[in-house]
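A short write-up of the structure that comes next.
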Amino acid sequence: MRTLLLSLSCMFWVATAIAQSRPIRTDEYEKAKTFTVKDLDNDTYVKFNNAYVLDRYEMRKPYIITGDDGLKKRIDLYRLVAKDSMQNIGTVIFYTNEKGVLYTAVLPIFNSNAEIWNKYFEDIHAIDKVEKNYVLKLSYVLSREFSFQLYKGMNAGKDVKAEAGTYGTDICFPGEEEVMLADGGKKVLKDILPGDRIISLDAATHRTSVMKVKELVVHEAKNYAITQLLAVHVEVDEIREAHVVRISGKVLQATPNHPVQTSAGKKRIGEVRDGEELLCMDEKGERVMSYVVVSKTEKAGGMQAVYNIVAEGEGTFMMNDVMVLQK
């Protein structure tokens, strides 16, 4: 009965959302990227060309986000409304960096077409190239405000499983990951050599130890399926004027069958679900902390060799600051 009620509620929500919105057109999408709000603290309702309105999303406070670099960024959300029908056609995202430079993106309504979604992906990744971890910060805000839009935004509504490449017995990483060394430094996985001393972590005690690499296994180039996890550690301070957020993110990629340690026990990375926790080192490599998985994607990685470490004992090792298991 509970499941049925939940399903009916979801159907009602979707039906209501569709009735109150329509997909944005390409020309409207391009135009909306030029809209600006002079005073983000006080301007909550702004008209453009007597045709569109920016209406502060649910009168929410802005997010003030500090990343690993210690720099403060600000994110504000506004509904984009077509004035003739008063239907929502998107959400305008204003991102202001520590120097006051403003970047604008337009999140489409969930039933917009693939062309519009592709434009959105291209726009946010273009900003990410200039503003480090922009997508990570944006993902956190969107996950708090509208999780379904986030799902659509991350996967474009596609069945990503159907696009995945080779599933096999090779258990490895793409090779560009950084391995934590015994001296506190890091080394790219594909450059690891026998005899290198690397850090191992005990999941129960959070104590580290050192173990020596016996072999770097290299598997021949294939179009391997690659699972990617994005995990974040977030500290939030709610003040009157804003959501003040400190956010740190870790990204781990591996073939779907590589084992990792999660809060739900040992799992293959392809079986990890959003909301599960991974053990990670903080950005200074000093503290062991839990990071929550907020995004998981799986796709064909293209023709590439993949790599794995065989070390003395059966200890774990740190890959991109994330604890992974030997296999």
Side-chain angles (χ1 to χ4, degrees), residues 114 117-118 121-122 124-125 128-129 132-136 138-139 143 150-180 186-192 198 215-232 249-281 291-311 316-327:
W117 277 102
N118 287 335
F121 301 139
E122 291 171 1
I124 63 173
H125 286 295
D128 195 67
K129 291 179 180 177
K132 185 180 179 182
N133 289 331
Y134 165 79
V135 170
L136 171 64
L138 180 60
S139 297
S143 69
L150 175 65
Y151 169 79
K152 182 83 175 182
M154 297 305 297
N155 296 324
K158 297 176 181 176
D159 178 2
V160 293
K161 201 83 175 178
E163 296 184 345
T166 301
Y167 286 81
T169 56
D170 300 335
I171 298 174
C172 305
F173 303 90
E176 297 297 333
E177 295 75 17
E178 292 185 326
V179 182
M180 185 171 290
K186 294 178 181 177
K187 192 172 186 179
V188 175
L189 172 61
K190 63 184 180 182
D191 295 332
I192 287 285
I198 62 176
E215 179 185 7
L216 178 69
V217 177
V218 184
H219 293 282
E220 65 175 312
K222 294 180 183 176
N223 186 23
Y224 293 99
I226 298 293
T227 299
Q228 176 176 293
L229 302 181
L230 169 63
V232 300
K250 308 292 183 188
V251 175
L252 179 67
Q253 293 189 92
T255 53
N257 49 12
H258 196 99
V260 296
Q261 181 77 40
T262 75
S263 53
K266 297 178 181 177
K267 285 190 171 185
R268 297 175 179 175
I269 188 173
E271 298 171 339
V272 175
R273 297 179 179 273
D274 288 356
E276 293 187 38
E277 296 179 354
L278 304 175
L279 281 181
C280 304
M281 285 286 187
Y291 280 58
V292 178
V293 176
V294 296
S295 169
K296 172 187 168 185
T297 58
E298 192 167 293
K299 63 182 180 181
M303 292 296 291
Q304 61 180 326
V306 290
Y307 306 79
N308 195 24
I309 290 176
V310 177
T316 65
F317 45 92
M318 305 302 296
M319 192 72 72
N320 279 358
D321 294 334
V322 182
M323 191 187 87
V324 299
L325 305 177
Q326 281 201 72
K327 184 68 177 180

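The analysis underlying the following values was restricted to heavy atoms, covering all of them including side chains, and did not include hydrogens, waters or symmetry mates. Position 1 is the first residue of the sequence, and the numbers go up from there.
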Non-hydrogen side-chain atoms of [X] and [Y] separated by less than 4.5 Å:
X: Thr227; Y: Thr297; value: no
X: Val232; Y: Leu136; value: yes
X: Val260; Y: Leu325; value: no
X: Ile269; Y: Val324; value: no
X: Val294; Y: Asp274; value: no

Could you tell me whether a side-chain N or O of [X] sits under 3.5 Å from a main-chain N or O of [Y], the two making a donor and an acceptor?
X: Thr255; Y: Ile226; value: no
X: Lys186; Y: Met319; value: no
X: Asp321; Y: Cys280; value: no
X: Lys250; Y: Met281; value: yes
X: Asn320; Y: Val251; value: yes
X: Gln326; Y: Ala311; value: yes

Starting at [atom1] of [X], measure out to [atom2] of [Y] and round the result to the nearest 0.5 Å.
X: Tyr307; Y: His219; atom1: OH; atom2: NE2; value: 11.0 Å
X: Arg273; Y: Leu229; atom1: CZ; atom2: CG; value: 13.0 Å
X: Leu230; Y: Tyr291; atom1: CG; atom2: OH; value: 11.0 Å
X: Cys172; Y: Asn257; atom1: SG; atom2: CG; value: 8.0 Å
X: Ile309; Y: Ile198; atom1: CD1; atom2: CD1; value: 4.5 Å
X: Ile124; Y: Ser139; atom1: CD1; atom2: OG; value: 7.0 Å

How close do [X] and [Y] get, counting heavy atoms only, and between which atoms?
X: Gly302; Y: Asn223; answer: N-OD1, 2.7 Å
X: Gln253; Y: Pro174; answer: O-CD, 3.6 Å
X: Ala221; Y: Met303; answer: O-CE, 3.5 Å

If the condition is side-chain hydrogen bond (donor to acceptor under 3.5 Å, both in side chains), which residues does [X] pass it with, not counting sequence neighbours?
X: Glu176; answer: Lys190
X: Tyr134; answer: none
X: Lys187; answer: Asp196

Review point. Using 30° and 60° as the class limits, which term best fits the ring planes of His258 and Phe173: parallel, tilted or perpendicular?
Key: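 Tilted, since the angle between the ring planes falls between 30° and 60°.
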Practice item. Can you sort out the partners of Glu277 under side chain to side chain contact (heavy atoms under 4.5 Å, CB included), two or more places apart, ordered by chain and number? Key: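 Scan of Glu277 (side chain to side chain contact (heavy atoms under 4.5 Å, CB included), adjacent residues dropped) gives Ser263, Ser290, Val292.
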Practice item. Just do the side-chain contact (heavy atoms from CB on, under 4.5 Å) check on Met318 and Val179 with the steps written out, would you? Key: CA-CA 6 Å; Met318 305 302 296; Val179 182; over 6 Å; no
Point to revise | Summary of salt bridge (Lys or Arg N to Asp or Glu O under 4.0 Å) pairs that have at least one residue in residues 262-272, sequence neighbours excluded | key: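 Non-adjacent pairs meeting salt bridge (Lys or Arg N to Asp or Glu O under 4.0 Å): Lys267-Glu276.
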Check your understanding: What pairs meet the salt bridge (Lys or Arg N to Asp or Glu O under 4.0 Å) rule with one or both residues in residues 301-311, with sequence neighbours excluded?
Key ->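 Residue pairs with at least one partner in residues 301-311: there are none.
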Practice item. Starting from the C-alpha separation in whole Å, work towards a yes-or-no answer on side-chain contact (heavy atoms from CB on, under 4.5 Å) for Gln261 and Leu278. Key: CA-CA 7 Å; Gln261 181 77 40; Leu278 304 175; over 6 Å; no
